[in-house]
Structure formats: C-alpha cells, structure tokens
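Step one of this worksheet: look at the structure below.
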Amino acid sequence: MNNQPNNPLHGKKLESILNELVEKIGWVEMGKCVKVRCFTHDPSIKSSLKFLRKTPWARTEVEQLYINTFHGFAWPEDK
C-alpha cells in the first residue's frame, strides 16, 4: 500500500470530509466558499455526495476547503 504521510486527504472518505466541514463551519459558510447549489439550497450530505462524485472541479474545491480549514487556516471567531 502507498504511504503518503504528508497528504492530509490520504485515507479520508468524501463523506467524512463533508461531515467534518459541516460540523466545523456549517453549510452557509461552505456555500460561500464553494459556490454550488447543493450547499446553499436544502443542503444534505446525500445530495452533496452525489453532486461532488460527478463534478471533479467542485470536489477539488471541497478538498482544498478541508485542507485550509483543518491544516493551517484559522477561521475568525464570531464576536
């Protein structure tokens, strides 16, 4: 098996990436960062997975959002 110690996405399933992002920043913020309808209109994990699996550019943006959120990017705290 290929070992990728520096890849934060290695071994991560798309569903767990989405769940972690929803828990950390929520659908509204995800919709602002990645402009896709499945995040802004009646969002759900199921509909997002279906869309992201068929749309490589959107999946790439979500993966980058995950990296930015959990590996080096700090979200400003609500005041």
Side-chain angles (χ1 to χ4, degrees):
M1 194 160 159
N2 191 5
N3 190 11
Q4 299 180 11
N6 296 325
N7 182 353
L9 298 175
H10 182 70
K12 281 282 192 189
K13 292 185 177 188
L14 184 56
E15 184 173 5
S16 65
I17 289 172
L18 283 174
N19 283 324
E20 289 178 42
L21 283 170
V22 169
E23 185 176 319
K24 177 78 173 179
I25 64 174
W27 289 111
V28 173
E29 194 62 39
M30 288 172 60
K32 290 177 185 175
C33 296
V34 182
K35 307 252 189 290
V36 293
R37 187 172 173 85
C38 64
F39 290 170
T40 59
H41 295 81
D42 195 26
S44 72
I45 296 294
K46 185 178 177 180
S47 67
S48 299
L49 286 172
K50 185 176 180 179
F51 176 77
L52 294 172
R53 287 179 178 142
K54 294 190 295 185
T55 317
W57 67 264
R59 182 178 182 145
T60 299
E61 287 190 25
V62 169
E63 290 172 344
Q64 190 59 54
L65 177 61
Y66 177 84
I67 291 168
N68 292 344
T69 301
F70 292 101
H71 299 279
F73 180 83
W75 287 93
E77 296 295 322
D78 289 337
K79 294 180 182 173

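- Put simply, CG on Leu9 and CD1 on Ile67 are 4.0 Å apart, with the number rounded to the nearest 0.5 Å.
- When every heavy atom of Cys33 is checked against every heavy atom of Glu61, the shortest pair comes out as O-OE1, 4.2 Å.
- When all heavy atoms of Leu18 and Ser48 are compared, the closest pair comes out as CD1-CB, 3.8 Å.
- Side-chain contact, Glu23 with Asn19: no donor N or O sits under 3.5 Å from an acceptor N or O.
- Rounding to the nearest 0.5 Å places NZ of Lys50 at 15.5 Å from CD1 of Ile45.
- Here CD of Glu63 is found 12.0 Å from CG of Asn68. Values are rounded to the nearest 0.5 Å.
- Distance check: Thr40 OG1 to Lys35 NZ gives 9.5 Å after rounding to the nearest 0.5 Å.
- Considering only heavy atoms from C-beta on, Glu20 comes within 4.5 Å of Lys12 through its side chain.
- The pair Glu29-Lys24 does not meet the salt-bridge criterion, since no charged nitrogen lies less than 4.0 angstrom from a carboxylate oxygen.
- Across all their heavy atoms, Phe51 and Ala58 have their closest contact at CE2-CB, 3.6 Å.
- When hydrophobic clusters are built by joining Ile, Leu, Val, Met, Phe, Trp and Tyr residues whose side-chain heavy atoms come closer than 4.5 Å, directly or via intermediates, Val22 is not grouped with Val28.
- Between Trp27 and Phe39, the ring-plane angle classifies as tilted under the 30° and 60° cut-offs.
- The CD atom of Glu15 lies 7.0 Å from the CZ atom of Arg53; values are rounded to the nearest 0.5 Å.
- Annotation: side chain of Val36 is in contact with side chain of Trp57 (closest heavy-atom distance under 4.5 Å).
- Nearest heavy atoms, Asp42 versus Ser47: O-OG, 4.5 Å.
- Inter-residue side-chain proximity for Ile25 and Leu65 is flagged as met; some heavy-atom pair is nearer than 4.5 Å.
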